[in-house]
Protein chains: 2
Amino acid sequence: MSDHEQQPLPPTSRQSGDALPPVEQHAQQYETVRNAHETELIEDYVELIGDLLRHRGEARAADIASRMAVSQATVSKMIRRLNELGLVTSRPYRSLFLTEEGQRMAETSRARHDIVLHFLRALGVRDTTARIDAEGMEHHVSDETLTIMQRFTESHQP
Amino acid sequence: MSDHEQQPLPPTSRQSGDALPPVEQHAQQYETVRNAHETELIEDYVELIGDLLRHRGEARAADIASRMAVSQATVSKMIRRLNELGLVTSRPYRSLFLTEEGQRMAETSRARHDIVLHFLRALGVRDTTARIDAEGMEHHVSDETLTIMQRFTESHQP
DNA sequence: AATAATTGTTAGCAAAGGCTAAACTATTTG
DNA sequence: CAAATAGTTTAGCCTTTGCTAACAATTATT
């Protein structure tokens, strides 16, 4: 073949045609995203259960199903998984509750979610859009970026 | 039962304990995220193939495998899918190429990716972190937010 | 040219996350 | 309190995205 030498990356950035990152770094980017995807759904469930408990006092499978726009069967299966993971406790036909660990996860997720949402609003994004974007983005924002977003939000609303 | 009335949502926002959005809106948030997930991987492949073609002149399955940190078998299977979707053309043991449609998709993805990446850097996020975050975030940023990010970036680097 | 190394493909397996249909339990209502 | 309605669970199926192992083809080396 040919073209397999490592191009000597320019110091830090360029405009549109940013050079390809070195293989290991590139690989790590994708790996991070894949890992995030594995926990993402779990976190969404736990976060939603936490929200329902907080705002309604109970979290029923049916509510989760309609709020997630998914069938009840899917929710039921997922709850079994959350159970196995030690995140929720459930008795058949009763409301769900979060374990200690579940509560911690819900708390963390909600905090991230809020930071991203408030940041987007502070940036000037409309509320509805901000909510949709935040839902998708929250699992892909590093702690570093989160901190920066938080500072930004604070300094942009009196 | 009880708690099933719709709380009269406060005007628009609150601090940390933001009220639950109405069911339909909430459902739509999750649906949007699920839909994004379906196209995400496809877009990542197409974008990477575009980048490889642009920077190296060719895109081989082996390169994709190492840059994505997945097995060659996985890449091979994926290429078949991209083929069926009419996004790439491939002849065994030859470099891949993008179809017209593939090129459009690669172009769009790269543009989004760049906007998010440059925005994060302009915000003050370190390069390595920015790259990881951008990779995860790019598929979840609406056009509205993208436009805002772009404007922000422009006005924050002389 | 023969062999070694690299690259690509195929087959078969597993886990995740959806779905529908059917069965079961609980709650509400006539 | 019996019947109807609403909520929950289970079974069985499908698709996607990964993997490993075995095999095939191409390219590089000696």
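Residue numbering restarts at 1 for every chain, and letters A, B, ... go by the order of the sequence lines.
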Taking atom [atom2] of [N] as reference, at what distance in whole Å does atom [atom1] of [X] sit?
X	N	atom1	atom2	answer
A:M78	D:dT9	CE	C1'	17 Å
B:E58	D:dT27	CD	P	11 Å
A:E38	D:dG18	CD	P	10 Å
B:Y30	C:dG18	OH	P	12 Å
B:L82	C:dG8	CG	P	15 Å
B:L85	D:dT15	CG	C1'	13 Å
B:D44	D:dT17	CG	C1'	13 Å
B:E40	C:dG17	CD	P	14 Å

Original post:
If you take atom types as modelled and just measure distance, does the side chain of A:Q72 reach the base of D:dG7 with a donor-acceptor pair under 3.5 Å?
Top reply: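 No pair found.
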Please determine whether a side-chain nitrogen or oxygen atom of [X] lies at a distance below 4.0 Å from atom OP1 or OP2 of [N].
X	N	answer
B:R94	D:dT27	yes
B:T74	D:dC19	yes
A:R34	D:dT17	no
A:R80	D:dT9	no

**OP:** Return the 5'-most residue of the pair A:K77, B:A73 with respect to DNA chain C, ranking by each residue's nearest nucleotide.
**Re:**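 Between the two, 5'-proximity favours B:A73.
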Starting the side chain at C-beta, find the nucleotide from [options] nearest to [X].
X	options	answer
A:R60	D:dT20, C:dG17, D:dT8	D:dT8
A:A62	D:dT27, D:dT8, C:dT10	D:dT8
B:Y45	D:dT10, D:dA25, D:dG18	D:dG18
A:P92	C:dT10, D:dT17, D:dT9	D:dT9

**OP:** Would you classify B:I79 as touching base, sugar-phosphate or nothing, given that sugar-phosphate means primed atoms plus P, OP1 and OP2, and contacts are heavy atoms under 4.0 Å?
**Re:**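 It contacts nothing in the nucleic acid.
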**OP:** Please round to the nearest 0.5 Å and tell me the distance separating atom CG of A:L96 and atom CZ of A:R60.
**Re:**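 Here the rounded value is 8.5 Å.
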Original post:
Are any non-hydrogen side-chain atoms of B:M68 and B:V75 less than 4.5 angstrom apart?
Top reply: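 The answer is no, as the side chains (C-beta and beyond) never meet within the 4.5 Å cut-off.
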Original post:
Are A:I79 and A:Y45 side-chain neighbours, meaning at least one heavy-atom pair lies under 4.5 Å?
Top reply: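 No, too far: nothing below the 4.5 Å cut-off.
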Original post:
Short question: side chain of A:T99, backbone of A:L87 - any donor-acceptor pair under 3.5 Å?
Top reply: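 At least one qualifying donor-acceptor pair exists.
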**OP:** Scan residues 137-148 of chain B for pairs that pass side-chain hydrogen bond (donor to acceptor under 3.5 Å, both in side chains), counting only residues two or more places apart or in two chains.
**Re:**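 Output for this query lists A:R126-B:E144, A:T129-B:E144, A:D133-B:S142, A:D133-B:T145, B:E40-B:H140, B:E43-B:H139, B:D44-B:H139, B:R112-B:D143, B:H113-B:E138, B:S142-B:T145.
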